[in-house]
Amino acid sequence: MHLLRGQLRSLPANGYTAFLPQVRKVVLEFCQHYPSSRNTRSFVAAHLERVARENPHVEFVLKQRNGHQPIARGFYANGRDKVIPLNKLEVTGIDRKVQLLLDSSGAKIKPLKGARTVESTSESARGIWSGLHVDTPFSI
């Protein structure tokens, strides 16, 4: 008699027991000679090592992009990427933009205007129930 066994595998997922950061790689692209890349070069020299040590799960790549404006590009687990231009930013602004890439999920931005606040499989004829609108409140 053969015993049939299924494989016990669990896929990693964000939830209450685990947190998986969505950002996988951050690429900083800048020119060695353009004046608009000066602050990006200063950020790389002074702050990038600190940011990389704080985020060991992220691969940081420096890419020379001669003749172009500096950009920061984040690559995410869902296959998307996000590009942020870094020209006209001070070093602290570049630090904030890199942190924005690190904190992002990579998902498309969905507009909240006109969006339904409650989603349900079936529509309710009377709306959302509220304990403030009952004649006699519940007592526990």
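As the structure is a computational prediction, the values presented were derived from the model and not from experiment.
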>> If you compare all heavy atoms of K108 against all heavy atoms of R80, which two are closest, and at what distance to 0.1 Å?
In response: CG-NH2, 3.3 Å
>> Taking CZ in R50 as the centre, count heavy atoms belonging to other residues, nucleotides or ligands within less than 6.0 Å. Is the count above 12?
In response: yes
>> Quick check: closest heavy atoms across A52 and F60, and the distance to 0.1 Å?
In response: CA-CE1, 3.6 Å
> Do you reckon I71 sits in the same ILVMFWY cluster as V91, going by side-chain contacts under 4.5 Å, direct or chained?
Replying inline: no
> If we only count heavy atoms from C-beta on, is the K82 to S104 side-chain gap below 4.5 Å?
Replying inline: yes
>> Pair N66, Q64 - check side chain to side chain contact (heavy atoms under 4.5 Å, CB included), show working.
In response: CA-CA 6 Å; N66 290 329; Q64 192 168 352; 3.1 Å; yes
>> To check you understand the geometry: which heavy-atom pair defines the closest contact between K97 and L89, and what is its length?
In response: CG-CD1, 3.7 Å
> Between CZ of R38 and NE2 of H33, what distance do you get to the nearest 0.5 Å?
Replying inline: 16.0 Å
>> For a quick test of reading the model, state the closest non-hydrogen atom pair linking K25 to V61 and the distance between them.
In response: CD-CG2, 3.7 Å
>> Is the shortest side-chain heavy-atom distance between P70 and P85 below 4.5 Å?
In response: no
> CG of L62 to CG of L28: how many Å apart, nearest 0.5 Å?
Replying inline: 6.0 Å
>> So, taking the atom named OG1 in T92 and the one named NE2 in H47, what distance separates them when rounded to the nearest 0.5 Å?
In response: 8.5 Å
> Of the non-hydrogen atoms in F30 and S37, which two are nearest, and what is the gap between them?
Replying inline: CB-OG, 3.9 Å
>> Can you confirm whether Q99 is buried at CD, in the sense that more than 12 heavy atoms of other residues, nucleotides or ligands lie under 6.0 Å from that atom?
In response: yes
> For the atom pair OG (S36) and CZ (R41), what is the distance rounded to the nearest 0.5 Å?
Replying inline: 8.0 Å
> Does I94 share a hydrophobic cluster with V27, counting links as ILVMFWY side-chain heavy atoms below 4.5 Å and allowing steps through other members?
Replying inline: no
> Do L86 and F75 share a hydrophobic cluster, counting only Ile, Leu, Val, Met, Phe, Trp and Tyr and linking them when any side-chain heavy atoms are less than 4.5 Å apart?
Replying inline: no
>> With a 4.5 Å cut-off on side-chain heavy atoms, are E59 and V26 touching?
In response: no
> Would a hydrophobic clustering, with Ile, Leu, Val, Met, Phe, Trp and Tyr connected at side-chain separations under 4.5 Å, put L100 with Y76?
Replying inline: yes
>> Do N87 and T40 have side chains that approach each other closer than 4.5 Å (heavy atoms only, starting at C-beta)?
In response: no
> Would you call R73-E29 a salt bridge at under 4.0 Å N-O?
Replying inline: yes
> Can you check whether C31 reaches R65 side chain to side chain, under 4.5 Å on heavy atoms?
Replying inline: no
>> Within the structure provided, determine whether L101 and V23 are in side-chain contact (heavy-atom separation under 4.5 Å).
In response: no
> For N78 and S105, which heavy atoms make the closest approach, and how far apart are they?
Replying inline: ND2-O, 3.8 Å
> Is there a side-chain contact between L48 and F43, using heavy atoms and a 4.5 Å cut-off?
Replying inline: yes
>> Salt bridge or not between R24 and D81? Use side-chain N to carboxylate O under 4.0 Å.
In response: no
